[in-house]
Amino acid sequence: MRDDDALEKAASLLRRAERVAVLTGAGVSTESGIPDFRSPGGLWSRYDPSKLTFDKFVASADTRRLYWEIATESYPVLRDAEPNAAHRAVAALERCGKLLLLVTQNVDGLHQKAGTSDEKIIEIHGSSLRVTCIDCGAPHDREEVHARVLDGDVAPGCDHCGGRLKPATVSFGQAMPERETLAAFQAARSCDLMLVIGSSLVVYPAAGLPDEAVRGGASLIIVNNEATDKDHLAAATLGGSAGESMSLLLRRAGLDGADG
Ligand code: NAD
Ligand code: ZN
């Protein structure tokens, strides 16, 4: 399909859609200066993920120290990043009443910063902007814990039970949050359009959402700067930068009035 045909097809699907489920991945935030999973310079090109599994975090003080060292380096980047045109486009879909649910694999909080409301967002891999105790579940203020680590508390403990604090993200080998996962699959089943933006669609279970949506009769649009394994399911695929593609898509669908 020519680029313009794909844009037109996607725009007409979006114009008609009433219940849009959006799935975003790390590619929606690269234009905000947050590297995705595999890019050179991205976290996992520098650290071996097999050394940072949840089991190892639980079992080893050394792993906890390393984990907090990495988390403390990346947190200010996430905290200080600004949303881009792609995040703003998703927020615009809510303002014009089309957004059923946004499921994000990102842990950076940028959709909230762009104006999508909390009740419309499922953070299926958690958030780096929060900290919880893995022993008693008590939430802790990320900014405070960050300051403690910078002050030399290299593997911080819980204020309540003395247990192990961890950024509230889903680590490799850690169970997916049940409520969030159920809500995401429920939205995939009940949407009439699924829009995937900036995800390589290789990390499950999130990568199973497009299949679930299509099985339920929804149309699928994929916005990504490289091919994905699910392109064959999509009614339209839009390449190039997510920010630019989403702006073009909203404009072509006549929804850019909600773009502000
Ligand atoms: P991924 O890195 O596997 O895939 C990102 C995709 O986006 C890639 O196909 C890449 O080519 C594409 N992409 C990158 N920049 C783009 C742009 N500007 N425009 C269009 N496409 C672009 O990410 P994923 O699918 O989210 O899965 C990996 C995991 O990484 C997730 O679990 C997520 O939690 C985690 N992660 C999150 C962040 C974040 O919160 N911002 C950053 C890195 C990794
Ligand atoms: Zn605790």
Side-chain angles (χ1 to χ4, degrees), residues 22-47 49 52 70-71 74-75 77-87 89 103-114 121-140 145 156-174 176-177 180-181 184 195-210 222-231 237-249:
V22 178
L23 170 64
T24 63
V28 89
S29 293
T30 54
E31 290 165 70
S32 294
I34 302 172
D36 65 15
F37 232 35
R38 294 175 194 78
S39 315
L43 222 48
W44 305 118
S45 66
R46 290 187 288 140
Y47 297 100
L52 293 162
I70 298 167
S74 63
Y75 168 65
V77 177
L78 304 183
R79 177 195 61 196
D80 299 338
E82 292 296 333
N84 64 57
H87 301 102
V103 180
T104 186
Q105 300 172 83
N106 296 343
V107 296
D108 55 28
L110 285 180
H111 285 294
Q112 287 91 333
K113 264 195 200 167
I121 303 183
I122 291 289
E123 292 176 309
I124 200 165
H125 293 162
S127 171
S128 278
L129 307 183
R130 297 190 296 269
V131 170
T132 47
C133 171
I134 60 169
D135 296 292
C136 76
H140 284 61
V145 176
C158 175
D159 291 340
H160 305 280
C161 76
R164 295 154 289 191
L165 292 184
K166 182 178 170 298
T169 55
V170 178
S171 295
F172 294 103
Q174 189 171 2
M176 295 290 293
E180 282 82 355
T181 307
L195 178 57
V196 179
I197 316 168
S199 175
S200 59
L201 293 173
V202 295
V203 180
Y204 281 83
L209 290 167
I222 296 181
V223 179
N224 205 53
N225 67 4
E226 63 175 10
T228 77
D229 289 351
K230 310 287 178 178
D231 285 4
T237 57
L238 307 179
S241 116
E244 193 184 349
S245 291
M246 286 306 298
S247 301
L248 284 172
L249 175 59

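As the structure lists them, so they are numbered: ligands from 1, and atoms in each ligand from 1.
Under the side chain to side chain contact (heavy atoms under 4.5 Å, CB included) test applied with Leu201, the options Asp229, Leu209, Leu23 reduce to a single match, Leu23.
For ligand 1, the atoms lying closer than 4.0 Å to a non-hydrogen atom of Thr30 are 14 (C), 15 (N), 16 (C), 17 (C), 18 (N). Within the listing of ligand 1, atoms 5 (C), 6 (C), 7 (O) sit less than 4.0 angstrom from a heavy atom of Gly198. Every atom of ligand 1 with a heavy atom of Glu31 under 4.0 Å away is listed here by number and element: 17 (C), 18 (N), 19 (N). Close contacts between ligand 1 and Ile34 involve ligand atoms 41 (N) [criterion: under 4.0 Å to a heavy atom]. Per-residue contacts place Gly25 under 4.0 angstrom from the following atoms of ligand 1 (heavy atoms of the residue considered): 26 (O).
Residue contacts with ligand 1: Ala242 is placed with a nitrogen or oxygen under 3.5 Å of a nitrogen or oxygen of the ligand (distance criterion only).
Remark: Asn224 engages Ile222, Glu226, Thr228 in a side-chain contact (heavy atoms from CB on, under 4.5 Å) (not counting sequence neighbours). Partners of Glu180 by side-chain hydrogen bond (donor to acceptor under 3.5 Å, both in side chains), not counting sequence neighbours: none found. Taking Thr104 as the reference, Thr24, Asn106, His111, Ile121, Glu123 meet the side-chain contact (heavy atoms from CB on, under 4.5 Å) condition, with sequence neighbours excluded.
The closest approach between Val202 and ligand 1 stays at or above 4.0 Å for every heavy atom of the residue. Heavy-atom separations between Ala206 and ligand 1 are all 4.0 Å or longer. Using a non-hydrogen distance threshold of 4.0 Å, Pro35 registers as a contact of ligand 1.
Taking only non-hydrogen atoms, the option from Asp36, Asp108, Asn84, Ile124 nearest to atom 41 (N) of ligand 1 is Asp108. The heavy atom nearest to atom 7 (O) of ligand 1, considering only Leu201, Asn224, Leu238, is found in Asn224. Closest to atom 4 (O) of ligand 1 by heavy atom, among Ser200, Gly239, Ala207, Ser128, is Ser200.
Of all protein atoms, those that are N, O or S and lie under 2.8 Å from the Zn ion (ligand 2) total 4.
When all heavy atoms of Leu52 and Ser171 are compared, the closest pair comes out as O-CB, 4.5 Å. Smallest separation of non-hydrogen atoms from Gly243 and Ala85: O-CB, 3.7 Å.
Of the N and O atoms on the side chains of Asp231 and Thr237, not one donor lies less than 3.5 Å from an acceptor on the other residue.
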